[in-house]
Every structure is written in C-alpha cells, then in structure tokens.
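Encoded as structure tokens, the structure appears first; notes follow it.
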Amino acid sequence: MKRSKKSPYSEMILLYGIDRDGAQGRAIDAICQEMKIPVKHLTEDDLDTNVGKLAEMSILQESQTTQEETVPPLPAMILRGFTNRRIDELLNNMRECDAGYIPLKAVITEVNRYWTLKLLLCNLAQERAQLESRRAN
C-alpha cells in the first residue's frame, strides 16, 4: 500500500457553499471538532483570493485566476495537510453522521495553492462533469 507523504502543514478544512448554521454545516463542524480539525467557512467574497492564502499557507507567487465568470453553484470541501488515512477517516465519519454529500472535493497541492478559489472551483466542476459524462456512456 502506498504511504501518503506527510504535509508540513497541519490539517485544516475550507468549506465553500455550505451554510455554517444549516444542518450540513453544523454536522461537519461537529465532526471536525471531534477530530480536532479547524474549519474555515468561505464565502463569495473569497472567490478572487489565492487558495493557499485562504488556507493560511505562505505564498511566494502571483495568484493564477480564470476569466470564467460563473462559479458552479455546488458546495466544496478543500483539505490542507491530510494523509490518505485521515481523509478516509473524515469521509467515513461524514457518512456515518449523515453530514450530507459534498460534490466538489480537493486536496491543496503545490499547483492549486496558487490558484484563486474561483479557478479551483471551476476546475473541480469541470472534472466532475467529465467523470459524470464518462459514467453515462
């Protein structure tokens, strides 16, 4: 089994499009509190901000952005500093607690940390659409 590389950053979850006070937001916050994972709720005001900056990572490069105007109206969960084992544990806990489905998920990488939140969300939605079209065929 392949071991995941340990990140120099501690775990953090960025949530976009999930109401903190709604049932899903409260369920995820409770799971994360139990797992001792900080959660940051993002809003439309964060769309033009660098993902690494939102995740409190040092940034030494200009943000990469998109001209695309429309951000997908889908909730997203972005993970910083997770091992594969901890991702599995988080997703299992979310399933067990009926925390609801989050269609867009990403791990912050050396590449996407320089993207704006808008660019990351647009890329995730595009990848999701490609996967769904392959399943339909």
Side-chain angles (χ1 to χ4, degrees):
M1 187 159 123
K2 187 177 178 182
R3 290 180 59 173
S4 58
K5 188 173 147 185
K6 179 71 175 148
S7 170
Y9 293 97
S10 61
E11 295 174 340
M12 175 186 267
I13 295 177
L14 306 177
L15 295 175
Y16 177 80
I18 297 172
D19 180 10
R20 162 190 320 226
D21 298 320
Q24 185 176 32
R26 287 193 315 272
I28 293 169
D29 282 345
I31 291 164
C32 291
Q33 186 173 12
E34 184 178 308
M35 293 179 70
K36 297 181 177 25
I37 303 167
V39 177
K40 188 172 187 179
H41 290 266
L42 306 177
T43 67
E44 287 183 5
D45 293 339
D46 298 311
L47 288 173
D48 292 320
T49 304
N50 183 289
V51 171
K53 184 175 181 180
L54 292 169
E56 301 170 10
M57 301 168 80
S58 59
I59 300 299
L60 302 173
Q61 184 176 323
E62 290 282 321
S63 293
Q64 295 175 12
T65 191
T66 180
Q67 298 303 316
E68 206 168 316
E69 298 281 328
T70 307
V71 173
L74 299 170
M77 178 169 64
I78 304 162
L79 307 175
R80 180 195 78 185
F82 280 74
T83 62
N84 289 338
R85 184 186 65 77
R86 284 288 281 178
I87 292 171
D88 291 343
E89 184 181 346
L90 172 65
L91 296 177
N92 286 334
N93 287 343
M94 288 177 63
R95 267 191 297 279
E96 288 173 7
C97 294
D98 282 333
Y101 179 65
I102 301 174
L104 304 181
K105 297 177 194 75
V107 173
I108 298 176
T109 66
E110 283 302 312
V111 174
N112 68 22
R113 71 187 280 183
Y114 298 105
W115 295 358
T116 60
L117 178 60
K118 181 191 289 185
L119 178 59
L120 178 61
L121 295 174
C122 289
N123 274 279
L124 290 173
Q126 185 179 24
E127 286 176 11
R128 183 174 191 268
Q130 288 172 349
L131 287 171
E132 287 177 349
S133 72
R134 285 187 203 141
R135 284 187 199 139
N137 293 332

Fill in: Closest non-hydrogen atom pair between I78 and L117, with its separation
CD1-CD1, 3.6 Å

Worksheet entry | L131 reachable from L74 in the ILVMFWY side-chain graph, under 4.5 Å edges | no

Worksheet item: Would you call M12 and F82 a side-chain contact if the rule is heavy atoms closer than 4.5 Å?
Response: no

Worksheet item: Are D21 and R26 within salt-bridge range, i.e. N to O under 4.0 Å?
Response: no

Worksheet item: If you round to the nearest 0.5 Å, how far is OH of Y114 from OG1 of T109?
Response: 10.0 Å

Worksheet entry | Heavy-atom check, side chain of T49 versus side chain of T116, under 4.5 Å | no

Worksheet item: Quick one: are R20 and I28 in side-chain contact, heavy atoms under 4.5 Å?
Response: no

Discussion item. Can you confirm whether more than 12 heavy atoms, excluding those of E34, are under 6.0 Å from its CD atom?
Written reply: no

Practice prompt. Please tell me if the side chains of K105 and L79 come closer than 4.5 Å, counting only heavy atoms from C-beta onward.
Written response: no

Response to the item:
Heavy-atom nearest pair, Y16 first then L42, reads CD1-O, 3.9 Å

Fill in: Sub-4.5 Å side-chain heavy-atom contact between L104 and P75
no

Worksheet item: Between N50 (side chain) and K53 (backbone), is there a donor-acceptor pair under 3.5 Å?
Response: yes

Worksheet item: Is there a side-chain contact between T43 and D46 (heavy atoms, below 4.5 Å)?
Response: yes

Fill in: Backbone N/O of A55 and side chain of R80: donor-acceptor pair under 3.5 Å
yes

Worksheet item: Rounded to the nearest 0.5 Å, how far does CD1 of I31 lie from CZ of R95?
Response: 11.0 Å

Worksheet entry | pair C32-I13: side-chain heavy atoms closer than 4.5 Å | yes

Practice prompt. Apply the test side chain to side chain donor-acceptor pair (under 3.5 Å) to residues H41 and D29: give CA-CA distance (whole Å), side-chain angles for both, the deciding distance (0.1 Å), then the verdict.
Written response: CA-CA 10 Å; H41 290 266; D29 282 345; 3.1 Å; yes

Worksheet item: Hey, are the side chains of M77 and M94 touching, using non-hydrogen atoms and a 4.5 Å cut-off?
Response: yes

Could you list the donor-acceptor pairs under 3.5 angstrom formed by side chains in residues 119-127, with sequence neighbours left out?
residue: N123; atom: ND2; partner: L119; partner atom: O; Å: 2.9

Discussion item. Rounded to the nearest 0.5 Å, what separates atom CD in Q24 from atom OH in Y101?
Written reply: 11.0 Å

Discussion item. So does L54 get a backbone contact from the side chain of K40, meaning a donor-acceptor N/O pair under 3.5 Å?
Written reply: yes

Worksheet item: Can you list the residues that meet the salt bridge (charged side-chain N to carboxylate O under 4.0 Å, His left out) rule with E89, with sequence neighbours excluded?
Response: R85, R86

